[in-house]
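Here's the structure we're looking at; comments come further down.
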Amino acid sequence: MIEAKGLTKVYGEKTAVGGVSFTVQAGRVTGFLGPNGAGKSTTMRMIMGLDAPTSGSVTVNGEPFAQHKAPLREIGALLDAKAVHTSRTAYNHLLAMAATHSIPKSRVREVIEMTGLGDVAKKKVKGFSLGMGQRLGIAAALLGDPQTIILDEPVNGLDPEGVVWVRNLVKYLASEGRTVFLSSHLMSEMALTADHLIVIGRGRIIADAPIAEIITGKGHARTRVRTDQPERLMQLLAGTGVSVEVHERELLEVSGLDPRGIARAALDNQVMLYELTPLQASLEEAYMELTKDEVEYHSHITTGASVPAQAGGK
Amino acid sequence: MSTTTLDRKSIRNSVGPGPAFHRVLNSEFIKFRTLMSTLILLASTALVMVGFAALAAWGTGQFAEQATQDPQAAAAIAAQGGDLAVTIPTSGIAFAQLILGSLGVLLMSSEFTTGMARSTFAAVPRRLSPLLAKLIVVVVSAFLLTAVSTYIAGLVSLPIVDNYGLKLDLGSSQSIKLLLVNSIYVAAVAAIGMALGTIIRNSAGGIMSLVGIFFVLPIAFQLIPGDFFKEASKYLPTNTLNPMTAVEHVPDTLEAWQAALVLGAWVVVPVALAMILLKKRDV
């Protein structure tokens, strides 16, 4: 379990992470989603004790990372596929890391096989593709058979087969009861891999919820409706919280009212519908919706400061 | 609830050994010997030491031969206590200190330039322990390599000086003193290099500072007029070597024990600063 409380990192005048609090639970894959530069990597480096927080704290399995007696056996991390001296072979890199915790050579060979690096293990990392570098980073993270696994952008540069492999691996690790914390800026990947999502933007947590909840969150569920009397239907549906988009002459998209409500209104008023399809928002759309709020929130603060009388106005 | 506590306890018990110092030392030694660049630097140090000694043996022999005909040269030899050959094995020391000092810089700066530091300090979050382990590895190997190279250099020089009728006794107390003090000196330079690499975190910058301290400052201090720089020059690390190995105290230089203390300070201060910065800064 990872627990962050008011975690803040300020570089000079730039706030990279602004007081984030979240909990990453064991037994499920938690995705850490945000655009590049949102503060994902900084947060992960603070979890690993590499960067000291400006304020706030973060613990892993109840203790700050540096307090653990055997860190590699508690937490394995892929923070950067290039956290390797590239003139060393993959095997020797893992061997040197394993030596710090007396992890046997057999385990080194095991993670090499597990990550599919068998053929290149005795080659210098210099010649590795980005994908092989990622596999080596994942091998290093798994070395100590840790309870908690942190992976920063693990599918970057992986081929499609590698992407599926990472997806299955993290799901398997979570199913064993481990804590898996995975960052990505690829929403489609998160939709397929994560059970729970923490969304970060501009150093703030925008959402922290099960992935299904984020996708079907309030205001995101829409219904596609085809009718030969679109104007009439629009009049009927007009009301608080309902919005209607006209896509074609007879094709509408309704949000704010469920399909049953739409059908009821149509039936009561003798309007014929010839399609009524509930639409699920994609994670992309849900994410855009979330970050749009974040942007509006910021601009509201600035206008609010200069025009205080606006409060209460509509 | 009780099952979760039970589970957690069983996981805790299965957690194996952590990064005790001897394990970190082993890890750093693995890192040291698995880099081709390190091995090349070590081999070139040995080569330079032996090569320069052979050249010096030849040059000294030529000089001694001349002295038999030239009373002026003979007087110069007599002024040096008559023992011309004893410093031949350590002739290449200026280059050994440069190479092994740079090795000290590189072993730490490369951690930061390659990103390896993130792996190193994630595995061992108490950051002083990898630094100390690295220091031990580089200091011990610099000492051993210099000592062994000096001895081999002596062995190679023997037949050459013998050819000119000069005497070189590798077992004499002055020979042993030169071998040990020079080896300690080079080990100290390697430690200074590592401290610079930790502070500057950049290979080129670290090596340039090392060259600045050991090669540029001594010359600059000589060129700048004034007694202050003449006096200060004695306290530069390069100028501690001769007082420590002199047969007799040479006027206007430090006493041997003073020189040893100055060299010690040149090691302790940068290493302490490196430790503080390594602990404080983000990786």
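Only this structure's heavy atoms are used, side chains among them; waters, hydrogens and symmetry mates stay out. Just so it is clear: chains get the letters A, B, ... in the order the sequence lines come, proteins before strands, and each one is counted from 1.
A:D80 touches chain B through its side chain: at least one heavy atom from C-beta onward sits under 4.5 Å away, while N, CA, C and O do not. Of the atoms belonging to A:K9, it is side-chain heavy atoms, and not backbone ones, that fall under 4.5 Å from chain B. Residue contact with chain B, scored on non-hydrogen atoms closer than 4.5 Å, is absent for A:A140.
Taking CZ of B:R281 as the reference point, atom CG of A:D51 lies at 12.5 Å (rounded to 0.5 Å). One finds the NZ atom of B:K31 at 6.5 Å from the CZ atom of A:R88 (value rounded to the nearest 0.5 Å).
A:A70 and B:P17 make their closest contact through CB-O, 3.7 Å (heavy atoms, listed as atom of the first residue, atom of the second, distance). Closest heavy-atom contact between B:R118 and A:A83: CB-CB, 4.1 Å. Taking all atoms of both residues into account, the shortest heavy-atom contact from A:P71 to B:A123 is CG-O, 3.8 Å. Between B:A122 and A:F65, the closest heavy-atom pair is O-CZ, 3.0 Å.
The closest side-chain heavy-atom distance from B:T34 to A:H85 is not below 4.5 Å.
Counting heavy atoms of neighbouring residues, nucleotides and ligands inside a 6.0 Å radius, atom CZ of B:F29 does not exceed 12 of them. Counted within 6.0 Å of CE on A:M114, heavy atoms from surrounding residues, nucleotides or ligands total more than 12; the atom is thus considered enclosed. Counting heavy-atom neighbours within 6.0 Å of A:K5 NZ, excluding the residue itself, gives a total of 12 or less. Enclosure of atom OH in B:Y151 is not indicated, since only 12 or fewer non-hydrogen atoms of other residues, nucleotides or ligands lie within 6.0 angstrom. Few gaps surround OH on A:Y11; more than 12 heavy atoms of other groups in view lie less than 6.0 Å from it. More than 12 heavy-atom neighbours from other residues, nucleotides or ligands sit within 6.0 angstrom of CZ on B:F21.
Residue-level contacts of residues 91-102 of chain A with chain B, in order of numbering, are A:N92, A:H93, A:L95, A:A96, A:M97, A:A99, A:T100, A:H101, A:S102; threshold 4.5 Å between heavy atoms.
Applying side-chain contact (heavy atoms from CB on, under 4.5 Å) to A:S87 and the options B:T114, B:T38, B:L35 leaves one that passes, B:L35.
The greatest number of non-hydrogen atom pairs below 4.5 Å with chain B, out of A:M46, A:K82, A:R45, A:K124, is found for A:K82.
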